[in-house]
Amino acid sequence: EVQLVESGGGLVQPGRSMKLSCAASGFTFSDYYMAWVRQAPKKGLEWVASISYEGSSTYYGDSVKGRFTISRDNAKSTLYLQMNSLRSEDTATYYCARHGAALDYWGQGVMVTVSS
Amino acid sequence: DIQMTQSPSVLSASVGDRVTLNCKASQNINKYLNWYQQKLGEAPKLLIYNTNNLQTGIPSRFSGSGSGTDFTLTISSLQPEDFATYFCFQHNSWPYTFGAGTKLELK
């Protein structure tokens, strides 16, 4: 059974950093691109970033480019999102997703609140 | 960036109705359009990928069509569990983008 479990969220002050993790199981992690998608409270979905199989290629949404870094550790089957210079508008539930022909499996999400 | 426009934003319907949700891309995205269903407090669920491919385990009352810039999701006979919000998503070119969603509510 495919499982994606996010962790690392919580309350953080504007301008600070936070790192999210996503532990994957039930599939060969290195065979898939992976992605982060977020959803602000009562808002729609926003694709944040994707990463290739070995991590050599990364892609970002305009709103996070230069502040967020997606990475992965295939030995640990874990996806990461390093978030720097956080802003109030980054407040959202962050989902990790497996990236095959589609974002086909999603984690349950982790909440990040940016507030002083 | 490619903009995805969904219509209507809210759709009121009854159990048993046939409904069509629309998604329009600001430029050609070929077949690379997915549909997701999201219920309150849950993660999105993939329904249709690459325009018209039904994800494993999804009921056959869901179908997708379209090409280029105009796409539709059809639910042939609404069931009580189908009332939710539906999002389209393009993965033809970076940055990938979602539509704003269509909320399907009980009339």
Side-chain angles (χ1 to χ4, degrees), chain A residues 1-7 9 20 22-24 26-27 32-52 56-68 70 79 92-111, chain B residues 1-10 21 23 25-26 29-58 62 64 71 73 84-105:
Chain A
E1 179 193 4
V2 172
Q3 283 200 313
L4 298 168
V5 180
E6 302 95 338
S7 60
L20 304 181
C22 171
F27 64 102
Y32 290 86
Y33 273 49
M34 296 294 295
W36 289 97
V37 176
R38 70 183 181 182
Q39 186 169 36
K42 300 192 188 306
K43 298 293 186 182
L45 299 167
E46 180 186 10
W47 171 79
V48 172
S50 291
I51 188 167
S52 62
S56 57
S57 296
T58 56
Y59 309 87
Y60 297 94
D62 294 340
S63 63
V64 307
K65 198 175 298 183
R67 298 188 300 125
F68 290 12
I70 188 172
L79 177 71
T93 296
Y94 285 74
Y95 297 99
C96 73
R98 192 178 78 166
H99 203 323
L103 302 177
D104 56 0
Y105 285 92
W106 298 57
Q108 83 288 351
V110 63
M111 185 69 199
Chain B
D1 298 1
I2 298 175
Q3 310 304 315
M4 305 300 293
T5 303
Q6 289 188 243
S7 62
S9 55
V10 179
L21 285 63
C23 180
S26 61
I29 58 170
N30 299 296
K31 66 176 183 177
Y32 300 108
L33 188 283
N34 301 339
W35 290 96
Y36 296 86
Q37 176 195 68
Q38 188 179 33
K39 297 180 180 179
L40 202 61
E42 297 183 7
K45 178 195 293 185
L46 175 65
L47 302 175
I48 302 284
Y49 64 94
N50 294 347
T51 298
N52 57 9
N53 294 277
L54 193 66
Q55 173 68 348
T56 302
I58 301 302
F62 292 91
F71 301 86
L73 173 70
T85 300
Y86 293 82
F87 295 94
C88 62
F89 171 69
Q90 72 82 18
H91 58 109
N92 181 75
S93 58
W94 309 101
Y96 293 168
T97 43
F98 285 91
T102 291
K103 183 177 181 181
L104 183 53
E105 63 178 27

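Numbered from 1 within each chain, the chains take letters A, B, ... in sequence-line order.
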Quick check - list every chain B-chain A donor-acceptor pair under 3.5 angstrom, one line each.
residue	atom	partner	partner atom	Å
B/Tyr36	OH	A/Leu103	N	3.1
B/Tyr36	OH	A/Leu103	O	3.2
B/Gln38	OE1	A/Gln39	NE2	2.9
B/Gln38	NE2	A/Gln39	OE1	2.8
B/His91	NE2	A/Ala101	O	3.4

* **Heavy-atom pairs under 4.5 Å with chain A, option from B/Pro95, B/Ala43, B/Pro44 with the top count** => B/Pro44
* Structure fact -> Tightest non-hydrogen contact, residues B/Phe98 and A/Leu45, listed as CB-O, 3.4 Å
